[in-house]
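When a ligand or atom number is given, it counts from 1 through the structure's own listing order.
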Amino acid sequence: MRPAALVRPLVRSLHAYVPGEQPKVRGLIKLNTNENPYPPSPKVLAATKAAVDGRLRLYPDPSAQALRVKLARLHGCGPENIIVGNGSDELLALAVRTFTEPDVRSDREGPAPSVATVQYFSPSYSLYPVLADTHGAAKNAVPLRPDFTLPGVAELKRGKQWDFKAALTFITTPNAPSGRGYATTDLDALCAAMRGVVVLDEAYADFAEEHALARAQKHPHVLVARTFSKAYSLCFQRIGYFVGHPELVAALDKMRDSYNVNGLGQVAALATLGDLGHYRRNFRRIIATRERLRRELTGLGFEVLPSRTNFLLMRPPGPPAQEWLRCLREQKILVRWFSAPMLSPFLRITVGSDIEADALLESVRLFRGTGRKP
Ligand SMILES: *Cc1c(COP(=O)(O)O)cnc(C)c1O
């Protein structure tokens, strides 16, 4: 008997999510997965280290109560409005399982039923289609405008592809990997037109000028996703959360694992909330580096999209983006390239520290200046 024959046909047909590389190469400048270049604050490191003792034998708080109370205070809501996850990725997966049905049609022809539809704009976070597939839900990927701006409600109605009744719609805002911010008024109009659950995935909101958290307080069918990973330098600890209506939060809560959020992560996130000034200074530094990098790369012939995040999407001059990827890699600078047709002419580069930005600019000038074919 072949073990693979024991696996559900749906699972056999899946393609695993491809995350950005995490190579352990010495001296590598890692600008490929939007991590924060600055470490967690000294207070967060001290609190986390202090929690490493005999208590590791105990289960953590199953509902991350202290963290939810503190987050509720920060956002002006109640703890019943908040669910914490093992990174926001876990919560995005829970949302798919909580709000959408698997698509059980045998032929899968024609438009899928709305109750079985996970909807999102393309391009946006590449995890959404993977989550829909693992659940057996149908995917409705609707293109953004060619300049990656958000289509308006009337435009979506005319286009006919957008499903206003989709059980679950993910909107990455500001968007990844384009970096574009969406105006809160536009998001509000879109949310108001939707009949299913809408998740506004705000992984990069701290680098933007506005955020849409109040949408989750205004519309009962809107959830806002946040994470400590990017802005709060805690990718390693896996802490994300949703803010939304208590009835949606309670539904998600039934679907999660009993101890889904690890104890040291809870400690680190709590300490982070006690030291927000430190992080706000980091946001300002990263935004300043981002704008300098955008100016200088534009001067070097790159077509750089405006960004409200901690990364830049750009069309490099001369050789194809994939060649630039290879050449920068030779210089020990790792950036991200996506093969999707709308994205393949572009590179996505995480905004690192000023020193990393200078190293990137130096490599770019080298290729351009020597006329060496990258
Ligand atoms: C990084 C990222 C996430 C995942 O965050 P985690 O909390 O680390 O799981 C979710 N959404 C978007 C758009 C992201 O870029």
May I ask you to decide if the ring planes of Phe207 and Tyr204 are parallel, tilted or perpendicular, using 30° and 60° as cut-offs? tilted

Validation row: [X], [Y] side chains within 4.5 angstrom (heavy atoms):
X      : Y      : value
Ser229 : Gln237 : no
Asp206 : Tyr279 : no
Ser307 : Arg294 : no

Let me know which of Tyr128, Phe148, Trp162 forms a ring-ring contact (aromatic ring centres under 6.0 Å, His included) with Phe121. Trp162

Just one of Leu127, Val96, Leu200 clears the side chain to side chain contact (heavy atoms under 4.5 Å, CB included) bar with Phe170, so which one? Val96

Is there a nitrogen or oxygen of Thr172 sitting under 3.5 Å from a nitrogen or oxygen of ligand 1? no

Go through ligand 1 atom by atom and flag the ones less than 4.0 Å from a non-hydrogen atom of [X].
X      : value
Asp89  : 3 (C), 4 (C), 9 (O), 10 (C)
Arg238 : 6 (P), 8 (O), 9 (O)
Lys230 : 1 (C), 2 (C), 3 (C), 14 (C), 15 (O)
Ser229 : 6 (P), 7 (O), 8 (O)

What is the closest protein heavy atom to atom 11 (N) of ligand 1, and at what distance does it sit? Asp201 OD2, 2.7 Å

Side chain, backbone, both or neither: which part of Ser88 comes within less than 4.0 Å of ligand 1 when only heavy atoms are counted?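 Looking at Ser88 and ligand 1, atoms from backbone and side chain both fall under 4.0 Å.
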
How does Tyr204 reach ligand 1, if at all, at less than 4.0 Å between non-hydrogen atoms: by side chain, backbone, both, or neither? side chain

Whether Arg285 engages the ring of Tyr38 as a cation-pi pair (distance to the six-membered ring centre under 6.0 angstrom, angle to the ring normal within 45°) should be assessed. yes

Check whether any heavy atom of Glu90 sits under 4.0 Å from an atom of ligand 1. no

